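Before any comments, here is the structure.
Computed over heavy atoms, backbone and side chain alike; hydrogens, waters and symmetry mates excluded. The model shown is predicted, which means the values in this text are computed figures rather than measured ones. Every chain is numbered from 1, with letters handed out A, B, ... down the list of sequences.
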Amino acid sequence: MQMTLYNTFDRTLEEFETLEEQVVSMYACGPTVYNYAHIGNLRTYLFEDFLRRVLEYSGFRVKHVMNITDVGHLTGDNDEGEDKMVKSSRESGKSVWEIAGFYTDAFFRDTKKLNIIPPTVACKATDHIQDMIKLIQRLEEKGHTYTAGGNVYFSIDTFPDYGKMAGLRLEELQSGARIEVDTNKRNPKDFALWFTRSKFENQAMVWDSPWGKGYPGWHIECSAMSMKYLGEQFDIHCGGTDHINVHHTNEIAQSEAATGKPWVKYWLHGEFLIDDSGKMSKSKGEFLTLSLLEEKGYDPLDYRYFCLGAHYRSQLQFSFDALDSARNARLNLLERVSDFLMQSEDRSGLQDQDIRKYISEKGKSLLARFQEYIGRDLNMPRGLSVLWKVIKDQDLQSDEKLLLIKEMDRVFGLSLLERASEERKGLEPETDAEVEILLRERSEARSVRDYSRADEIRDILQVMGIEIKDTASGTTWRKKV
RNA sequence: GGCGCCGUACCCAAGUGGUAAGGGGGAGGUCUGCAAAACCUUUAUGCACCGGUUCGAAUCCGGUCGGCGCCUCCA
């Protein structure tokens with residue numbers, strides 16, 4: 001399958017070619033675990049999941065590494081502001097380690113609910129302090145660092161290509177326009193590799209290092225861990241768009257300065273989820289979590305469907321109206337699939353990997369179109385439109401539709417067939433019997449034209465959350481979602 | 001102040017030179033005792049606005065207005 005991806009590094013669409021044949025090495029910037037993830041954070045992990053699934057769909061084996069930032073970090077490189085982990089710890093009365101563990105678990109619970117495939121390796125920053133120290137030493141040996149005010153800094157003037165990806169023109173940047181410049185820095189864009197001094201009294205997480213007791217700067221963990229698990233050069237590095245200017249720029253500088261070779265081949269960045277007030281933010285207090293959506297009655301997969309509706313490089317406008325429409329669409333999809341399952345006689349092909357044996361020319365051409373879209377920089381919205389084409393097609397048989405739907409759902413990850421057959425199972429057995437009795441009474445009432453009694457029963461069932469359908473072959477029912 | 005992105009119907013949203021994907025919602029219809037569901041039809045001569053390039057522009061260029069992001073931990 002042809003694949004092109006938009007590479008932030010040169011801002012162009014590029015043919016995707018891996019360093020090693022049939023294997024993709026991919027690093028995704030993970031969560032900072034001092035609080036719950038909000039749904040904007042989760043959009044980025046969904047984007048990465050789409051990426052991974054499309055790669056696997058096209059036959060690659062994906063080595064997918066994600067970091068867990070469980071080291072507390074200051075709000076800036078300039079040693080000002082409060083450490084988020086420490087703040088969270090102070091507010092909750094738990095230790096920083098407990099906090100990190102708690103929110104790491106919460107994160108993976110959320111991603112699991114969203115059908116996000118877990119990374120091959122999920123690595124915690126605190127387990128890799130020694131790797132970071134070694135990398136800093138390597139930079140030190142090559143003369144890329146200096147120590148000032150107790151902290152070790154990376155000197156960007158020793159790395160001529162600094163800021164190339166972000167397109168930063170250093171002369172024109174107004175450093176300090178919004179924050180105070182750290183006077184220890186020789187160049188305002190220099191960044192800390194290791195802190196030994198913190199203005200906070202009870203820095204809970206400190207480690208010994210050649211530069212004294214302290215903790216690592218924010219950027220170093222991604223360089224150290226990605227190189228440890230994927231090698232000094234690898235295929236894809238992805239994350240949120242906010243990382244381009246600072247985090248990824250600094251990662252490139254320190255990584256390439258250390259190894260002396262090009263580091264990452266393709267940089268992919270997911271755009272933000274936006275609401276009425278602009279970007280999602282945790283600092284505003286109340287923020288939207290997946291659990292909150294669940295409390296409001298949404299299925300996590302409604303949110304997944306919602307995110308599939310927009311391209312990953314476009315900002316996506318969130319509202320509950322928009323989420324409702326995603327939910328309706330997904331439920332309609334399940335309903336259709338459920339009907340196909342009912343009509344389908346022969347499902348032998350469903351187990352087969354190579355579905356081409358079973359599908360018609362028309363099916364093949366729809367599938368080809370689907371592959372073309374998702375291979376063209378992950379155009380999931382277009383992919384979805386092909387799914388709907390299959391669903392609504394007049395010529396294809398139910399069996400074939402199911403094959404195609406199953407195939408496409410490997411990429412969408414909506415569990416369409418599984419959910420559709422679950423939906424058909426209905427309620428618990430005891431309620432089941434009750435419903436059947438009521439339905440029988442209703443059809444008796446209808447047969448003697450006692451419609452007021454019939455409608456009364458329909459209302460009772462309605463209240464019980466049962467939706468009925470009168471069809472030519474009798475009345476069917478299902479639990480309302 | 002610098003850099004970047006965006007403005008498509010009631011809503012979400014594709015499309016980046018060849019005459020507007022898809023979903024939701026609305027409307028009409030078929031079916032029905034009535035509903036619901038399902039199915040069918042329909043819903044932007046139009047892509048913020050003004051100029052320009054072109055045989056042809058939502059798509060390219062210039063300008064105007066509006067929105068958003070990054071430059072500070074951030075997905």
So what does A:Arg449 touch, heavy atoms closer than 4.0 Å: a base, only the sugar-phosphate, or nothing?
nothing
Whole-Å distance, A:His248 NE2 to B:C73 C1', equals 14 Å
With rounding to whole Å, what would you report as the distance between B:G18 and B:G28 at their P atoms?
38 Å
Can you figure out which of B:A38, B:G23, B:C34 approaches the side chain of A:Glu335 most closely?
B:A38
Please report the distance separating the C1' of B:C55 from the corresponding atom of B:U19, rounded so that it comes out in whole Å.
13 Å
Could you work out the separation of B:A14 and B:G1 based on their P atoms and round it to a whole Å?
31 Å
Nearest-neighbour nucleotide for the A:Ala454 side chain, B:G33, B:A37, B:G24 considered
B:G33
For a quick check, with a 4.0 angstrom heavy-atom cut-off, what is the B/S/- contact string for nucleotides 14-19 of chain B, read 5' to 3'?
BS----
Under-4.0 Å salt bridge between A:Arg453 and A:Glu441:
yes
Want to settle it: does A:Thr44 or A:Arg330 sit nearer the 5' end of RNA chain B, counting the closest nucleotide to each?
A:Arg330
Flag the pair A:Lys113 and A:Asp299 as a salt bridge only when some basic side-chain nitrogen lies within less than 4.0 angstrom of an acidic carboxylate oxygen.
no
P atom, B:C5 versus B:G63: distance in rounded Å?
14 Å
In terms of the angle between their ring planes, are A:Tyr103 and A:Tyr36 parallel, tilted or perpendicular, with boundaries placed at 30° and 60°?
perpendicular
B:G25 versus B:G33 - spacing of their P atoms, nearest Å:
26 Å
Base, sugar-phosphate or nothing for A:Glu48? Non-hydrogen atoms, less than 4.0 Å.
nothing
When all nucleic acid strands are considered with a 4.0 Å heavy-atom cut-off, which category describes A:Arg442: base, sugar-phosphate, or nothing?
base
Can a side chain N or O of A:Thr32 be found less than 4.0 Å away from OP1 or OP2 on B:A75?
yes
Can we say A:Glu372 and A:Arg369 salt-bridge, meaning some charged N sits less than 4.0 Å from an Asp/Glu carboxylate O?
no
Nucleotide B:C34, atom P - distance to CG of A:Asp450 in whole Å:
16 Å
How far does the P atom of B:C60 sit from the matching atom of B:U16, given to the nearest Å?
10 Å
For the residue pair A:Phe320 and A:Phe318, categorise the inter-ring angle as parallel (less than 30°), tilted (30 to 60°) or perpendicular (more than 60°).
perpendicular
Between B:G23 atom P and A:Leu308 atom CG, what is the distance in whole Å?
15 Å
Looking at every strand, decide which applies to A:Phe318 at a 4.0 Å heavy-atom threshold: base, sugar-phosphate, or nothing.
nothing
Is it the case that the base of B:A35 and the side chain of A:Arg458 share a donor-acceptor contact (distance under 3.5 Å, atom types as modelled)?
yes
For RNA chain B, the dot-bracket notation using Watson-Crick and G-U wobble pairs below 3.5 Å, [ ] for pseudoknot-type crossings and | for other-strand pairs, is (((((((..(((.....[...)))((((((.......))))))....(((((..]....))))))))))))....
Name the nucleic acid region contacted by A:His243, choosing base, sugar-phosphate or nothing; use a 4.0 angstrom heavy-atom cut-off, strictly under.
sugar-phosphate
Note: A:Asp324-A:Arg327 ion pair, threshold 4.0 Å (strictly below)
yes
Rounded to whole angstrom units, what separation is found between the CG atom of A:Asn41 and the P atom of B:G69?
15 Å
Rounded to whole Å, how long is the line connecting atom NE2 of A:His247 with atom C1' of B:C71?
16 Å
Using a 4.0 Å heavy-atom cut-off across all strands, classify A:Arg327 as base, sugar-phosphate, or nothing.
nothing
By the 4.0 Å heavy-atom rule, please label A:Gly270 as base, sugar-phosphate, or nothing.
nothing
When rounded to whole Å, the OH to C1' distance for the pair A:Tyr103 and B:A75 reads 18 Å
Checking all strands, does A:Phe306 fall into the base, sugar-phosphate, or nothing category for heavy-atom contacts under 4.0 angstrom?
sugar-phosphate
According to the interplanar angle, ranging from 0 to 90°, do the rings of A:Phe107 and A:Tyr45 count as parallel (below 30°), tilted (30 to 60°) or perpendicular (above 60°)?
perpendicular
Closest-nucleotide ordering on RNA chain B, the 5'-leading residue of A:Asn328 and A:Asp321
A:Asp321
I'd like to know if A:Asp157 and A:Arg186 make a salt bridge, using a cut-off of under 4.0 Å between side-chain N and carboxylate O.
no
Answer yes if the ring centres of A:Phe370 and A:Phe412 are under 6.0 angstrom apart, and no otherwise.
yes
Parallel, tilted or perpendicular: which fits the ring planes of A:Trp267 and A:His237, with parallel below 30° and perpendicular above 60°?
parallel
At 4.0 Å (heavy atoms only), tell me whether A:Leu316 reaches a base, stays on the sugar-phosphate, or touches nothing.
sugar-phosphate
So that I know where these two stand, are A:Phe16 and A:Tyr266 an aromatic pair - ring centroids less than 6.0 Å apart?
yes
Is any side-chain nitrogen or oxygen of A:Asn332 closer than 4.0 Å to OP1 or OP2 of B:G24?
yes
Touch class at under 4.0 angstrom, heavy-atom based, for A:Arg336 against every strand present:
sugar-phosphate
Rounded distance in Å - CZ (A:Arg313) to P (B:A75):
21 Å
Out of B:G23, B:C71, B:C70, whichever nucleotide has its closest atom nearest the side chain of A:Ala329:
B:G23
Sticking with atom C1', work out how far B:U30 lies from B:A37, rounded to a whole angstrom.
13 Å
I want to verify a distance call: between B:A35, B:G24, B:C12, whose nearest atom is closest to the A:Ala322 side chain?
B:C12
Electrostatic pair A:Arg53-A:Asp49, nearest N-O below 4.0 angstrom:
yes
Could you state the atom-to-atom distance from CZ of A:Phe272 to P of B:C5 in whole Å?
16 Å
Under 4.0 angstrom between A:Lys392 side-chain N/O and B:C39 OP1 or OP2:
no
SB check A:Asp409 A:Lys406 (cutoff 4.0 Å):
no
Distance, P atom - from B:A48 to B:U59, rounded to whole angstrom
8 Å
